[in-house]
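Both backbone and side-chain heavy atoms feed into the values below; hydrogens, waters and symmetry mates do not. Note on naming: letters A, B, ... go to the chains in the order of the sequence lines (proteins, then strands), and numbering restarts at 1 for each one.
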Amino acid sequence: MTKKLLMGNEAIAHAALEAGVRVVAGYPGTPSSEIVEMVAKERAAGRAEGVHVEWSTNEKAALELLGGASYAGARCLYTCKQMGLNVASDPLMCLNYVGVKGGLVLIVADDPGPISSQTEQDTRRFGSFSKVPVLDPSTPDQAFAMVKAAFELSERYRTPVIVRPTTRVDHASAFFDIADRTRARDLIDGGFVRDPSHWVIFPRRAYEAHGEINERLPQIARDYASDTVFAAFNPLYGPGLAPLSAPDAVAAQLGIVAGGISAAYTLEALRLVEARAAACGAKVPAYRFWQVGTPYPFPEDEAARFAQGLERVIVFEELDSVLEDALTLAAGRRHLAYDVLGKESGDTRDRGENDVDDIAARLVRFFGLEEALAADDGVAPVALPQDAQLPARPPVLCPGCPHRGSFYAIKRALGKTPAVLCGDIGCYTLGNAQPLDAVDTCLCMGAGITQAQGFSVVEPGRKVIAYVGDSTFFASGMTGIANAAYNGHDITVVVLDNATTAMTGAQPHPGTGVTLMGPKNEPISIEAVLAACNFKKIVHADPLDLDAAIAAAHEAIFYEGPSAVLFESPCIQLVRPQAPVEIDHELCTGCKRCITEIGCPGIGFDPAAPGPKSGKRGTAFVDASLCNGCGLCVDVCPFSVIVPAAEAAGAKSDAAKEGGAHA
Amino acid sequence: MLNILITGVGGQGTVLAAKVLAQAAQERGWQVRTAETIGMAQRGGSVVSHVRMGNDGEEVYAPLLAHASADLIIAFEPAEAARVLPYLAPAGSLVTARTAIQPVTAALSTDPYEGARMVAQLAEAFADRPDQLTIIDDERLLAAVGNRKALNIVLLASAVARGYLPLSVDDLRRAVAACVKPRFVELNDHAIDVALAAERSA
Ligand code: SF4
Ligand code: SF4
């Protein structure tokens with residue numbers, strides 16, 4: 001055993017390894033990516049024996065692969081972000097009917113806010129939709145315990161089990177005692193046992209299986225209460241945050257229910273409100289607080305016991321009103337006379353994240369303590385002067401990012417030609433920002449290519465461009481590629497191939513051939529895929545060589561029929577940067593073209609530094625600590641005053657970028 | 001309960017600083033939770049780390065701080081300090097680096113961000129409690145250390161030297177040694193020495 005500070009996601013990986021997981025697969029997506037990475041790291045270090053780990057091409061591929069491994073009796077772990085489960089929903093719905101053999105646990109990371117997602121969908125709902133049990137951790141520690149319990153539950157009932165952390169659990173850290181070495185558990189029954197009546201799903205078998213599911217769900221709900229491992233996920237507290245052994249240990253009219261990270265916030269908020277009340281000499285009315293860590297199937301008997309004698313129950317949860325609905329249903333079904341306050345009733349935030357401050361303020365109201373606590377005011381808070389303005393720091397493409405050259409080349413090639421520019425998911429969504437302003441749409445993984453075809457059908461007068469990253473191309477772009485060729489849509493696919501899955505932290509993918517198991521397989525060529533799909537016009541260019549990039553873009557865009565431009569240049573985070581460029585202060589005219597055309601963070605403008613050619617305007621300068629020497633701006637400056645740095649300067653900048661405390 | 005916020009711009013080392021504090025707390029036997037608010041992978045955005053330790057033996061439930069609850073804010077950049085000021089408890093302290101980092105979009109914007117002005121505004125905010133504000137001349141100290149990457153450790157050491165944390169310099173040295181690669185231990189020890197010397201001569 002070693003004590004280690006682990007992020008929630010890392011703890012989840014360790015828990016699965018300690019539970020004997022044999023196969024781990026997923027597709028990167030914030031906030032879930034660190035789980036697979038941690039498993040790969042442990043395996044590579046020789047500490048996790050017998051485990052297979054991979055980034056699959058997409059979520060559907062990952063879950064189906066795991067379905068096979070589970071039929072053969074292996075314990076399996078699947079990871080994705082919330083929208084990844086949409087992609088894998090087909091196998092998930094069916095797997096639950098067929099049933100699993102080796103424990104199959106799905107970690108689906110939800111993203112309230114959303115902080116880095118397109119939707120605020122709630123995976124607890126996906127659980128009830130697919131009739132798959134869901135566990136909902138409020139801390140990394142609970143996530144660790146839940147993953148282990150989920151494997152047991154999965155094998156006990158032969159059901160897949162979802163564990164649903166959210167961003168603040170995935171990316172929070174705590175200390176853990178972790179096993180120094182782990183070993184994948186052997187296959188149940190030594191491997192796959194043929195039984196076509198079981199593993200082959202036919203309508204008749206599905207009808208039977210539906211019955212089995214309907215039988216096991218109430219049993220699981222009972223286990224949540226009677227099995228001490230699961231009961232610990234639904235703790236009860238009374239005044240002073242004292243753990244309660246039974247609900248009736250406190251006579252109360254007020255109840256509080258919370259799930260996920262909101263349960264942790266609620267505990268802090270209760271502590272805060274009680275402390276403030278004590279300081280003001282006010283009395284907090286008696287209450288019971290119940291955390292629901294097992295939202296599906298909802299433990300309704302427990303809920304009814306909890307609600308005994310309560311008049312009002314307030315519910316804190318993020319995303320959807322899952323617990324609120326379940327409590328309302330329980331009240332109706334069992335004729336219990338409590339009111340439920342939550343999202344639906346307008347008493348808690350209807351979207352976005354919860355936090356301690358918001359929950360504390362609502363609890364003060366719920367307890368009827370607004371007046372008693374209003375007077376409490378100690379020292380004034382530290383506040384900035386009224387006129388203070390904070391600079392915004394929006395995310396932007398990195399200095400030297402090859403995508404900048406690609407977007408700029410497309411815009412230059414199009415000139416005034418009317419066009420629709422379809423974007424997709426990745427760093428390159430940022431191409432929509434000023435001054436590039438080169439992305440008109442963004443929907444979901446791979447949609448750029450197919451949406452472009454819709455535009456081309458109804459707007460033949462416009463050129464339609466579809467950007468797609470290399471990882472997205474394999475994950476969900478290929479179906480759209482086939483569709484474009486099959487139905488003859490006149491679109492231009494612009495592949496932004498930077499040789500990695502950049503946005504989620506640089507994971508490999510089929511186009512790189514690099515695997516998490518060590519050996520590198522032959523990279524799959526995007527060009528070969530396009531050619532196999534009957535794309536007749538495929539051109540290549542280095543996006544940082546502006547003239548060549550514009551010429552290539554022009555050739556593809558003005559070709560009739562499906563065409564593609566492959567812009568190939570690695571993500572700047574993967575390569576050693578080149579020496580920064582220099583702007584000749586004596587010659588800079590201050591026209592700002594380098595800034596207003598491509599907006600690279602490496603170039604600044606100093607209005608207080610006029611040069612001989614700039615008049616009063618001031619001049620542009622290169623921030624050597626940011627510039628990666630990609631050279632794009634060299635081609636953009638109309639007066640050729642931006643020049644690649646001399647060799648000597650190169651050595652200097654390397655020294656500046658090396659070493660240090662490695663933050 | 002000890003609540004600490006560490007804030008900076010991506011790449012400045014906030015995450016390591018949070019780890020070092022967590023390690024020090026753990027060695028004291030306190031429960032500790034930390035959280036990173038990390039956005040997209042691109043560089044240049046704000047990064048805030050929350051660190052909460054139960055230094056009176058209390059249980060830490062949530063990883064994120066409530067507003068007006070930070071006992072200490074360590075900021076690697078003055079505007080980032082200003083951004084998280086609502087988290088500072090009325091009696092809490094701020095240690096901030098003086099050097100401003102221009103947002104990557106600065107050249108495109110029409111109203112410039114002036115670091116000196118921001119530092120003056122911070123000083124104004126603390127005018128009625130100057131003991132709670134420490135502005136670190138990071139340029140000078142880092143020149144003495146010889147490596148800009150040591151900013152995080154210099155600021156931590158300054159906070160410890162000021163008595164803003166119930167941790168000793170030895171606690172800090174041990175925690176740093178446990179968190180960085182062996183070949184960086186010496187550099188960081190040197191950074192701690194430089195910060196302490198500056199504090200003594202202040
Ligand atoms: S060479 Fe020009 S465009 Fe490229 S990173 Fe440097 S400043 Fe930016
Ligand atoms: S991480 Fe790579 S792909 Fe993403 S913006 Fe930076 S250079 Fe571009």
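In this structure, CG on B:Leu64 lies 12.0 Å from CG on A:Asn354, to the nearest 0.5 angstrom. Taken from CG in B:Leu65 to CG in A:Asp357, the straight-line distance is 9.5 Å, to the nearest 0.5 Å. For the atom pair B:Arg52 CZ and A:Glu268 CD, the distance stands at 4.0 Å (nearest 0.5 Å). Here A:Gln386 contributes atom CD and B:Gln121 contributes atom CD; the two are 11.0 Å apart, rounded to the nearest 0.5 Å.
For a residue to count as touching a neighbouring chain, one of its non-hydrogen atoms must lie under 4.5 Å from one of that chain's; by this rule B:Gln102 touches chain A with the backbone only. For B:Ile101, the parts sitting under 4.5 Å from any heavy atom of chain A are the backbone and the side chain alike. Only the side chain of B:Glu77 comes within contact range of chain A, with at least one heavy atom under 4.5 Å from a heavy atom of that chain. Interface remark: A:Asp623 contributes no atoms to any contact with chain B (heavy atom separation under 4.5 Å). Heavy atoms closer than 4.5 Å to chain A are found in both the backbone and the side chain of B:Pro103. Proximity to chain B is limited to the backbone of A:Ala383, based on heavy atoms less than 4.5 angstrom apart. If you measure heavy-atom distances from B:Glu124 to chain A, the contacts under 4.5 Å come from the side chain alone. If you measure heavy-atom distances from A:Ala506 to chain B, you find no contacts under 4.5 Å at all. Heavy-atom distances place no part of B:Ala68 under 4.5 Å from chain A, backbone and side chain included. Both the backbone and the side chain of A:Gln389 come within less than 4.5 Å of a heavy atom of chain B. Contacts between A:Leu267 and chain B at a heavy-atom distance below 4.5 Å involve backbone atoms as well as side-chain atoms. A:Ile261 touches chain B through its side chain: at least one heavy atom from C-beta onward sits under 4.5 Å away, while N, CA, C and O do not.
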Worked check of side chain to side chain contact (heavy atoms under 4.5 Å, CB included) between A:Val382 and B:Arg129: CA-CA 9 Å; A:Val382 181; B:Arg129 51 201 122 182; 3.8 Å; yes
Derivation of the side chain to side chain contact (heavy atoms under 4.5 Å, CB included) call for A:His171 and B:Thr37: CA-CA 8 Å; A:His171 289 166; B:Thr37 59; over 6 Å; no
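The choice from A:Gly602, A:Ala172, A:Pro391 that makes the most heavy-atom pairs within less than 4.5 Å of chain B is A:Pro391. Of the listed residues A:Pro601, A:Gly604, A:Ser173, the one with more heavy-atom pairs under 4.5 angstrom with chain B than any other is A:Ser173. Counting heavy-atom pairs closer than 4.5 Å to chain A, the top residue among B:Glu80, B:Gln26, B:Met1 is B:Gln26. Note: B:Pro90 leads B:Pro90, B:Pro63, B:Pro86 in heavy-atom pairs under 4.5 Å with chain A. The greatest number of non-hydrogen atom pairs below 4.5 Å with chain A, out of B:Arg83, B:Lys19, B:Gln31, is found for B:Arg83.
Side-chain atoms of A:Thr139 and B:Tyr61, non-hydrogen and from C-beta on, never get closer than 4.5 Å to each other. Using a 4.5 Å cut-off on side-chain heavy atoms (C-beta onward), A:Asp387 and B:Arg117 make contact. Using a 4.5 Å cut-off on side-chain heavy atoms (C-beta onward), B:His67 and A:Val356 make no contact.
In terms of heavy atoms, A:Ala174 sits closest to B:Arg33 at CB-NH1, 3.8 Å. Summarising the geometry of B:Ser46 relative to A:Arg393, their closest heavy-atom pair is OG-CD, 3.9 Å, with the distance given to 0.1 Å.
Look at A:Arg271 and B:Glu58 and you find no salt bridge, because none of the NZ, NE, NH1 or NH2 atoms lies under 4.0 Å from a carboxylate O.
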